[in-house]
Number of protein chains: 4
Amino acid sequence: MAGNTFGQVFRVTTWGESHGPALGAVIDGCPPRLPLSAADLEEELARRRPGVQAHTTPRREPDQAEILSGVFEGLTTGTPISLVIYNRDVRSKDYDALREVFRPGHGDFTYQAKYGIRDHRGGGRASARETAARVAAGAVAQKVLDLEKIRVLAYTLELGGIRAQNLDESIIWDNPFFCPDPAAAQAMNQRVKEVKARGDSLGGLVEVRVKGCPPGLGEPVFDKLDGALAQAVMSVGAVKGVEIGAGFAAARMLGSENNDPLLPGGGFASNNAGGILAGISNGDEIVVRAAVKPIPSIAIEQQTIDVSGQPRTLSIKGRHDISAIPRIVPVIAAMVRLTLADFLLRQRTIK
Amino acid sequence: MAGNTFGQVFRVTTWGESHGPALGAVIDGCPPRLPLSAADLEEELARRRPGVQAHTTPRREPDQAEILSGVFEGLTTGTPISLVIYNRDVRSKDYDALREVFRPGHGDFTYQAKYGIRDHRGGGRASARETAARVAAGAVAQKVLDLEKIRVLAYTLELGGIRAQNLDESIIWDNPFFCPDPAAAQAMNQRVKEVKARGDSLGGLVEVRVKGCPPGLGEPVFDKLDGALAQAVMSVGAVKGVEIGAGFAAARMLGSENNDPLLPGGGFASNNAGGILAGISNGDEIVVRAAVKPIPSIAIEQQTIDVSGQPRTLSIKGRHDISAIPRIVPVIAAMVRLTLADFLLRQRTIK
Amino acid sequence: MAGNTFGQVFRVTTWGESHGPALGAVIDGCPPRLPLSAADLEEELARRRPGVQAHTTPRREPDQAEILSGVFEGLTTGTPISLVIYNRDVRSKDYDALREVFRPGHGDFTYQAKYGIRDHRGGGRASARETAARVAAGAVAQKVLDLEKIRVLAYTLELGGIRAQNLDESIIWDNPFFCPDPAAAQAMNQRVKEVKARGDSLGGLVEVRVKGCPPGLGEPVFDKLDGALAQAVMSVGAVKGVEIGAGFAAARMLGSENNDPLLPGGGFASNNAGGILAGISNGDEIVVRAAVKPIPSIAIEQQTIDVSGQPRTLSIKGRHDISAIPRIVPVIAAMVRLTLADFLLRQRTIK
Amino acid sequence: MAGNTFGQVFRVTTWGESHGPALGAVIDGCPPRLPLSAADLEEELARRRPGVQAHTTPRREPDQAEILSGVFEGLTTGTPISLVIYNRDVRSKDYDALREVFRPGHGDFTYQAKYGIRDHRGGGRASARETAARVAAGAVAQKVLDLEKIRVLAYTLELGGIRAQNLDESIIWDNPFFCPDPAAAQAMNQRVKEVKARGDSLGGLVEVRVKGCPPGLGEPVFDKLDGALAQAVMSVGAVKGVEIGAGFAAARMLGSENNDPLLPGGGFASNNAGGILAGISNGDEIVVRAAVKPIPSIAIEQQTIDVSGQPRTLSIKGRHDISAIPRIVPVIAAMVRLTLADFLLRQRTIK
């Protein structure tokens with residue numbers, strides 16, 4: 001059943017396979033009269049683009065999104081905004097060997113089990129390339145957030161066990177790991193080199209901080225803001241865990257430690273809640289962390305089976321990242337933006 | 001905007017406040033001809049009921065759900081199933097003191113910020129009592145899962161830092177902590193006593209294992225099964241984090257460690273994926289863990305503010321649990337059941 | 001699949017069978033801080049109630065709706081509003097004879113074909129009694145419309161071929177046919193007597209006029225306001241046709257006759273559009289007409305079959321109306337109210 | 001708020017303006033393994049294409065739909081199917097005169113009122129051109145209907161007051177009016193010539209017959225099949241009325257005339273119900289009629305206002321049809337196909 005649409009008011013539907021002619025997104029429900037041009041989509045797409053950062057896949061994807069509808073003379077019109085990114089530099093032949101084999105850690109087996117058919121080329125719809133459409137749509141969502149001056153900051157908190165100790169926002173985009181701590185970034189670089197040499201791959205943590213979110217966003221009881229953020233972030237391919245504020249650490253805290261006292265001047269004395277109480281934003285910084293598993297495509301030989309159930313060994317060479325980080329950073333940011341834009345517009349209905 | 005409905009095909013809408021006349025759920029989309037009676041709802045409701053387990057709130061809630069529609073001569077008819085649980089033993093006066101004050105860690109402030117009005121009595125809609133309707137609905141969802149012999153097992157993995165080391169399914173319901181490890185249960189008992197004496201509260205971890213789930217459930221790309229489970233579980237009041245399979249640990253694993261090799265005879269050599277690959281069930285056991293924060297209502301004096309922004313101190317006495325665990329265990333199980341029943345029926349549309 | 005919910009922002013889910021314990025509605029998405037009490041639901045429910053008007057079924061249904069949630073100290077809170085109407089005076093034995101037979105013109109056969117099971121008592125979910133929940137919900141919707149001073153006027157335009165020639169709004173509720181023309185009402189009375197004596201039944205037309213609707217409501221392209229109204233009205237049991245403004249007559253007009261010129265002072269020189277242009281309200285009066293088929297339950301003997309396909313003859317005695325009119329008038333009004341309340345709130349998201 | 005998606009399981013989202021770079025549709029929820037190619041979309045698109053029939057607009061639109069995703073080696077994969085139709089032969093300059101004026105009978109005024117901005121060129125999103133995407137999507141929906149051998153037949157029943165008296169299915173596509181009665185088609189031709197000479201326009205009736213629909217489709221109570229069809233058909237630009245089976249005529253029938261007796265061998269003795277009882281298909285032919293208003297763009301001079309409220313006169317020359325009929329015929333057929341495909345898949349969830 002249909003599962004490619006996200007949001008209730010600000011609704012995004014994505015489409016497209018890794019090795020088809022194109023991929024894209026249709027945004028329905030974007031308010032009218034917001035300034036929007038293709039250039040607005042470029043910055044975040046560039047951050048997601050392979051080949052830009054160190055150690056990421058050398059496939060060249062210009063990834064330029066075109067706007068096919070919904071914008072008139074530089075302003076949104078309230079009608080659906082159709083974004084398209086054409087696939088270029090597609091080397092489908094590279095994937096012929098994978099037609100008959102199920103790669104461990106990939107969706108090959110489950111897509112086949114679900115649909116009885118799959119486009120094996122580059123992972124088809126399950127490819128990380130699908131997320132380019134999310135990033136483009138997220139840039140449109142940011143235009144809605146701009147109305148309230150809401151800012152979404154995402155970065156690499158940890159990679160291969162190396163954790164950022166400082167958060168210097170200004171340097172995030174200046175290093176190839178989108179890491180806010182220059183010392184950690186340097187250590188990450190070393191770690192990546194080692195693991196790459198062994199043909200293995202790495203996971204890590206991405207953290208998102210939302211600044212300027214007004215209180216009141218979130219729809220109890222099922223569509224709580226944290227629940228929606230959890231789905232949004234978990235819907236990104238490699239993510240295996242999501243936490244809000246203190247998150248899993250809260251499970252070991254006492255109530256007296258975990259509660260955030262309200263302050264007379266407004267705001268809270270601490271932010272273990274991560275900006276969300278009872279599913280509704282409380283006006284404090286929203287903090288979300290995502291656990292990113294290591295990329296399953298590794299050069300090390302693995303045991304698996306083919307489509308007829310026979311044992312096979314597999315060593316994946318070719319153009320692959322060693323980690324979903326840092327390219328996943330703008331994707332997770334996009335999902336947070338899409339969620340917040342939707343909830344901001346949803347909140348308008350009860351005012 | 002509306003946020004009290006969960007699911008696409010198997011849809012549950014809950015309603016009701018802690019101190020109103022009743023609360024309930026309407027289930028729309030339940031397949032016809034399933035056996036169902038009020039007695040079927042009783043077992044899980046009993047597990048959620050306060051006063052049954054040690055150390056939980058002494059408020060007496062018979063919590064008997066009545067079925068008002070959708071069942072004819074013991075079978076579901078395909079029409080909406082309306083479940084109602086009347087509120088009894090409601091002592092709203094106990095809450096008069098909280099009318100003007102925002103409790104830290106609760107939704108008092110955010111409900112007020114969102115709606116400009118709130119039913120302060122017992123937390124109103126934000127009360128844990130709301131989850132009784134989820135549990136009743138979850139029992140109906142299990143009837144759908146029974147068609148495929150899918151079993152959902154939930155238990156306390158950790159409480160106050162004490163973690164179960166063994167998983168003996170048979171003893172879960174025999175101890176007041178719903179813990180599968182008797183030694184851990186005993187240690188938890190000790191820990192709870194200490195913290196209770198200090199007027200503080202505890203958090204912990206709940207683990208869910210789904211047995212017998214067929215491969216193919218989950219709707220890429222946004223409605224991935226893990227994304228839906230994350231939302232479902234995070235929508236339960238005290239949950240601050242959700243992980244699938246290896247979860248946050250996967251962030252520190254190598255690809256060669258984390259990948260689960262496919263076996264010639266079917267199945268996988270390991271289950272770091274937690275039964276879900278690319279958002280679709282792979283036929284292996286589905287493993288979900290939830291981080292539960294400590295109950296915010298504590299007897300220890302806290303700093304906060306009242307509705308006019310003036311500083312106040314607050315010490316919450318009265319009938320309160322010291323931890324959402326174990327009563328939250330059947331609630332989380334219910335959310336997993338609701339999710340799976342929905343995805344099982346969604347999958348029928350593409351076969 | 002679930003089909004008992006109406007609306008996107010102002011969402012109503014109804015439940016209940018004619019001869020079950022109760023029926024009701026849950027409204028999710030109603031804005032907070034609107035005044036609401038059970039008394040507000042009473043006026044429209046009284047108009048739908050059988051036994052009040054001449055010639056309608058003598059079953060006594062007090063039909064008093066209770067509010068179980070979502071209202072605190074006389075104001076809506078933004079949480080779900082649960083309405084319940086208990087079934088009383090239920091004489092299910094009267095229906096034993098219909099257990100095995102499919103009544104012509106009723107849903108007996110199609111419910112059986114769809115679900116493989118049906119509650120035959122009084123039509124079960126297909127009973128006109130289901131509409132009581134819609135009427136109660138419609139009264140809540142009117143509270144939203146009150147914010148913009150929108151008024152929904154519904155009445156009998158035609159019954160048994162007799163058409164109202166004048167529209168005197170003030171007398172609608174003063175005659176048993178809810179007809180705005182006293183002479184027509186008198187002729188309808190005569191017509192009904194004749195047909196009733198023959199054991200037959202009558203159809204007619206209901207007209208709805210919405211006054212004070214602002215321009216801008218309606219969501220192109222599929223959720224046009226006229227499309228939504230058509231679905232809303234056609235979802236009422238006996239309705240077989242819906243038209244907007246000039247409606248079917250427009251099919252025989254010239255463009256020069258049908259176009260409504262825009263006036264310099266605002267508004268239009270005519271209203272063939274029925275207040276809706278390109279699916280969006282234009283600020284003029286919205287005019288909707290519904291074709292209501294004659295009640296299928298007639299005393300005249302009919303040919304039909306039983307559940308095993310054998311021929312049967314059937315003559316339906318008992319407590320039945322001779323026409324869905326006038327009791328259907330408040331039901332259709334309710335559906336229009338629900339539609340407009342939803343679109344009014346939807347429009348808030350783009351402002 | 002978002003309104004450009006149709007359907008629950010088989011979901012179609014359309015996008016695009018008349019004079020933008022392209023328009024298209026994304027279909028989510030199409031079952032996998034159905035044969036599909038661009039050629040499958042061509043037949044119905046050709047029928048909708050201007051310039052093919054007599055008297056229709058001479059704008060040349062090749063209207064060739066391309067498939068950008070969701071199909072692999074000639075089969076659907078279960079992932080979203082993206083269809084795009086590029087706009088060519090766009091003469092936007094023709095519309096400069098209309099930038100400041102509201103055309104009577106068009107959505108110019110209401111789009112402006114709703115969004116505060118509009119793409120005036122060719123009607124923008126309100127253009128009949130938008131329906132090309134519906135027709136393409138409808139051809140995909142037919143692939144789902146093919147699984148059950150359901151056939152949708154649509155034709156012109158009446159144009160300019162001239163009504164088809166015979167229904168010869170075989171000649172429908174052989175005359176420029178898509179009329180099943182050759183004598184009526186000839187009279188229509190004459191009528192069109194006269195009215196065209198006067199610079200005026202015509203309306204009419206379109207009838208749809210669905211053959212082979214199994215009983216059981218339709219979701220009580222709000223998502224009745226007839227309600228859904230009413231919305232679907234009314235969502236097409238020029239439609240002002242919809243009726244099912246006997247429709248408005250049923251309002252003047254007696255119950256004994258209108259009821260369709262069930263026959264021992266299966267089926268019904270008559271079909272006043274139009275194949276739908278209590279909102280569920282009964283296995284008989286589904287009959288839907290739509291009232292189509294005359295095209296509002298006429299050469300005759302009309303009174304209107306401009307965007308600043310000043311009076312203006314307007315005479316619309318240029319490339320315009322004299323009636324939405326017959327080009328609207330495949331559009332209405334497409335909406336019926338989309339509705340049925342969705343309900344067919346929805347019914348799978350309860351079996």
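Since the structure is predicted, the reported quantities are computational estimates derived from the model, not experimental observations. A note on names: the letters A, B, ... follow the listed sequences, proteins ahead of strands, and every chain is numbered from 1.
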Is B/Val9 close to chain C through its backbone or its side chain, or both, or neither, when contacts mean heavy atoms under 4.5 Å? both
Examine whether an atom of C/Leu345 lies under 4.5 Å from a heavy atom of chain B, and if so say whether it belongs to the side chain, the backbone or both; otherwise answer neither. neither
Which bit of B/Arg118 comes within less than 4.5 Å of chain C, counting heavy atoms only: side chain, backbone, both or neither? backbone
Donor-acceptor contact below 3.5 Å, side chain B/Arg33 vs main chain C/Ile117: no
For chain B, which of C/Cys30, C/Gly7, C/Pro80, C/Gly16 has the most heavy-atom pairs under 4.5 Å? C/Pro80
CA sep, side-chain torsions, deciding dist, call: C/Glu17, B/Phe72, side chain to side chain contact (heavy atoms under 4.5 Å, CB included): CA-CA 10 Å; C/Glu17 278 79 37; B/Phe72 180 60; over 6 Å; no
Between CZ of B/Arg11 and OG1 of C/Thr13, what distance do you get to the nearest 0.5 Å? 7.5 Å
Can you tell which part of C/Thr349 gets under 4.5 Å to a heavy atom of chain B, answering side chain, backbone, both or neither? neither
Interface residue of largest heavy-atom contact number with chain C, from B/Gly78, B/Gly124, B/Gly116, B/Ser82, under 4.5 Å: B/Ser82
Is any side-chain N of the basic residue among C/Arg99 and B/Glu73 closer than 4.0 Å to the acidic one's carboxylate O? yes
For chain B, which of C/Val84, C/Ile81, C/Leu68 has the most heavy-atom pairs under 4.5 Å? C/Leu68
Measure B/Leu23 against the heavy atoms of chain C and call it side chain, backbone, both or neither at under 4.5 Å. neither
C/Tyr115 side, atom OH; B/Thr76 side, atom OG1 - distance, nearest 0.5 Å: 11.0 Å
Residue from C/Ala22, C/Gly29, C/Ala2 scoring the most non-hydrogen pairs under 4.5 Å with chain B is C/Ala2
Counting N and O atoms only, with roles assigned by atom type, does the side chain of B/Asp28 sit under 3.5 Å from a partner on the main chain of C/Asn4, one being a donor and the other an acceptor? yes
How long is the span from the CD1 atom in C/Ile27 to the CH2 atom in B/Trp15, to the nearest 0.5 Å? 12.5 Å
